[in-house]
Every structure is written in C-alpha cells, then in structure tokens.
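Take a look at the structure set out below.
Numbers here simply count residues along the sequence, with the first being 1.
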Amino acid sequence: MIALFGFFCGVAATIKPSVLFLAPAVLLLAAIALRRKQQPFVAPLIAGLLGMLAPILLILAWLHHQHITADFLRTLTQLLPYFLLLGPRSYPHLILHSISSVMLPVVLLWLPIVVLKKDWITWERAALLVAVLFGLASFYLQRKGFPYHRYPSEAFLLLLLAIDFTTILETKPAHWRLRFTTNAKLLPSLAMAGIVVGVVFVAGGSTAHALWQDWRNQEFDTMLRADLNRLGGEKLANRVQCLDMADGCIPTLYNMRLVQSTGYLYDCYMLSNQPGAERDRSREAFWQAIMKNPPAVFVVSSNDCDSATQRPGYAYQKMSRWPQFDDYLKANYHLDAERIPHTWSTPAAAPRNH
C-alpha cells in the first residue's frame, strides 16, 4: 500500500510538480509512527520512495524517446519562472482567499474541536495537515489566486474535517480528553452542524456552480462553432489560430477536429505586459510560424493573463502590447463577428479573417 501511495504521488508530481516533496514528507511521518510502535519502518519508507520515482522515471524516459528533454527542461527552468511573473496577486489577497467562501463556515465549526481536544494530533491527522500546508504553499507560490489552485489544500482539508466530525459523533464524551471543561453536547452539535453545512453548502453549492460553469462553456462552444462553420468549417484545418488562454477556443477546435496554423496554445507570453527573454522568444517563434503559414482566421478572446486590476475595458487592447503583430492584424484582417455569451460582460470570441 505504501508503494502505491508513493506511485500515485509520483503520478501527481508529473502533472503538478509542486507536490513533489509531499510524498517524502508524509512517508517520513509514517516512518516515525512505525518506529514509535516498534515496527519495521525502513522497508516501507524505501518502498514508498521507489514507488514515487517509478512514474517520474517513466516520464523522463518518454521525454528522452521523443527527443524533447531539452524543451521540457527549458520550460521548467525558464518559461515557468516567467509565468509566475504574469498577473501575480498580492500575498494579503492570497491569504484572504486561502479558503473558499463555501468552505469557511465548515472550517469555523471545525476549529473549536481542534482547540478543545488534547489528543487531536495523530500521525494520520498530521499527515493530512502536512498535505493541506503543501496545498497552501502551492497556492501562494503560484500567486495567481485562481479558485482551482485551492483544490489540493481543500481536498485534504475536507478529508481532515470529515474524520474529526465522524470521530466526535462515534465516541462517547467520557472518552474525550479536553483542554477545557465544556458542555458535553457542544462538540457533537458542532460536528453535526459541520456535516449538514458541508452537504448543503460545500457539496450543493459546488455542484450548482459546476453545472453552471459547464453550461456557460457549452454556450461559448456553440457560438464559436457556428462562426467557424460559417467561415469554412473543415476547410479551416491548419488555417485557424486561437489567441486565447482559457475561454474555450482550443476545446472548440478540438471538438471540431481542427488543427491550428501554429503549435501555440496560449497567448499569455507573447501578449504580456511583463518584459523578458521568454516573451521575446515566444513572439519571434509565433511570428515566424504565422509568416510560414498565415491563418485564414484568428479567434481573439477576452481572456487576459494579467491580473484583474490590469485588464483592459475591453476593446482588444491586449493586442496593442505587441505593436508589430497588432499592425499586421489591422493591415491583413478584418473583424468578422463579435460574440458575448449571456452570462459574460466582455466579448468572448471575435473571429477575424482575411
């Protein structure tokens, strides 16, 4: 089981490198717990570390086989640090938004249990707490403040809360070791309230938001698909280019089985306000790509990788951050259509064609 834990942590690290050190930390806690129980701990520790290394080594072998190890290392050492400079949030903002609003009531109901119980810390709870702290560290290091960057910390925090709530409900007050004398009904009431609030607000609210988010993406996809079909449909294969990051242009092209004119998926780096060698390199490579294979259609979205306080109004000002490309668009393309999904306040997609 420990080897499987290490393996899946290794898989997670290949997706999000910020969790790379989580597995060794948790394995160390497990080894300490086993040693205190006078049980073998060296073999489980080694098994967990080897399990973690397995997927990482497989990914490195695949990168070598594809002859893209150098590109991967350049992304890791040059592009990723540059990305961290784009639209960073202040640390006070990040601290204020460390816990989502739907989670906050449950956390406030849980904190008295942590404070009152003397025997709250077990190695399992310590491991989950370490995982929460790693999730928060990842949230602060990325400095973007996106809600989904809280998912790792909140996933482990929910598990920790659930364990504490059910433990309180399953044990008798006589077995509790409390720091302060309190009413025997207080902790069970908090636990039950936490479960109810969690089911209604966390589960219910998150489900409702997820369903709304999916509907909104479907609206974007439907509108853009209709425009692209009108402009050529299948004939746009290798002749269409998205200038977008996360509004949904790339998924729409994928659903239509349309390949872009270039290999660029994001416009963050080339249209950033942040100067740097990576921005210059990205612009030069993109320029060479569109000169070699000029797209018949550009899809420009309102998505902007700068922070919300720096976003333009929106009148395609992000294009003006690269004057050479902006002049090229104005000279060779015209605005064909501008679409705004009903739930959006800014233009979502604006196909421009020759």
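Smallest separation of non-hydrogen atoms from Gln241 and Ser261: OE1-N, 3.8 Å. Here the shortest heavy-atom pairing between Val19 and Cys9 reads CG2-O, 4.4 Å. Heavy-atom minimum distance, Tyr264 versus Ala285: OH-CB, 2.8 Å.
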- request: Please step through side chain to side chain contact (heavy atoms under 4.5 Å, CB included) for the pair Tyr82 and Arg279, ending with a clear verdict.
  value: CA-CA 8 Å; Tyr82 178 72; Arg279 185 183 71 173; 3.3 Å; yes
task: Dump the intermediate steps for side chain to side chain contact (heavy atoms under 4.5 Å, CB included) on Val299 and Asp244, then the final yes or no.
output: CA-CA 8 Å; Val299 180; Asp244 177 33; over 6 Å; no
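Classification of Asp336 and Arg230 as a salt-bridged pair holds, one side-chain N sitting under 4.0 Å from a carboxylate O. A salt bridge is absent between Arg321 and Asp326; no separation between the charged side-chain nitrogens and carboxylate oxygens falls under 4.0 Å. Electrostatic pairing of Arg281 and Glu284 does not count as a salt bridge here, judged by no charged N lying under 4.0 Å from a carboxylate O.
In this structure, Lys144 forms a cation-pi arrangement with Phe83, its terminal cationic atom sitting closer than 6.0 Å to the ring centre and no more than 45° off the ring axis.
Taking the six-membered ring where the residue is Trp, the centroids of Phe286 and Phe325 are separated by under 6.0 Å. Checked against the 6.0 Å centroid threshold, Tyr91 and Tyr140 do not count as a close aromatic pair. The ring of Phe146 has its center no closer than 6.0 angstrom to the ring center of Phe139.
Applying the side chain to side chain donor-acceptor pair (under 3.5 Å) criterion to Thr75, with sequence neighbours excluded, gives no partner residue.
One side chain, Asn255 or Asp221, offers a donor N or O that lies under 3.5 Å from an acceptor on the other.
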In a table with atom names and distances, give each donor-acceptor pair under 3.5 Å that connects a side chain of residues 30-47 to protein atoms at least two apart or in another chain.
none

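Ser138 contributes no side-chain N or O that, together with a main-chain N or O of Phe134, makes up a donor-acceptor pair within less than 3.5 Å.
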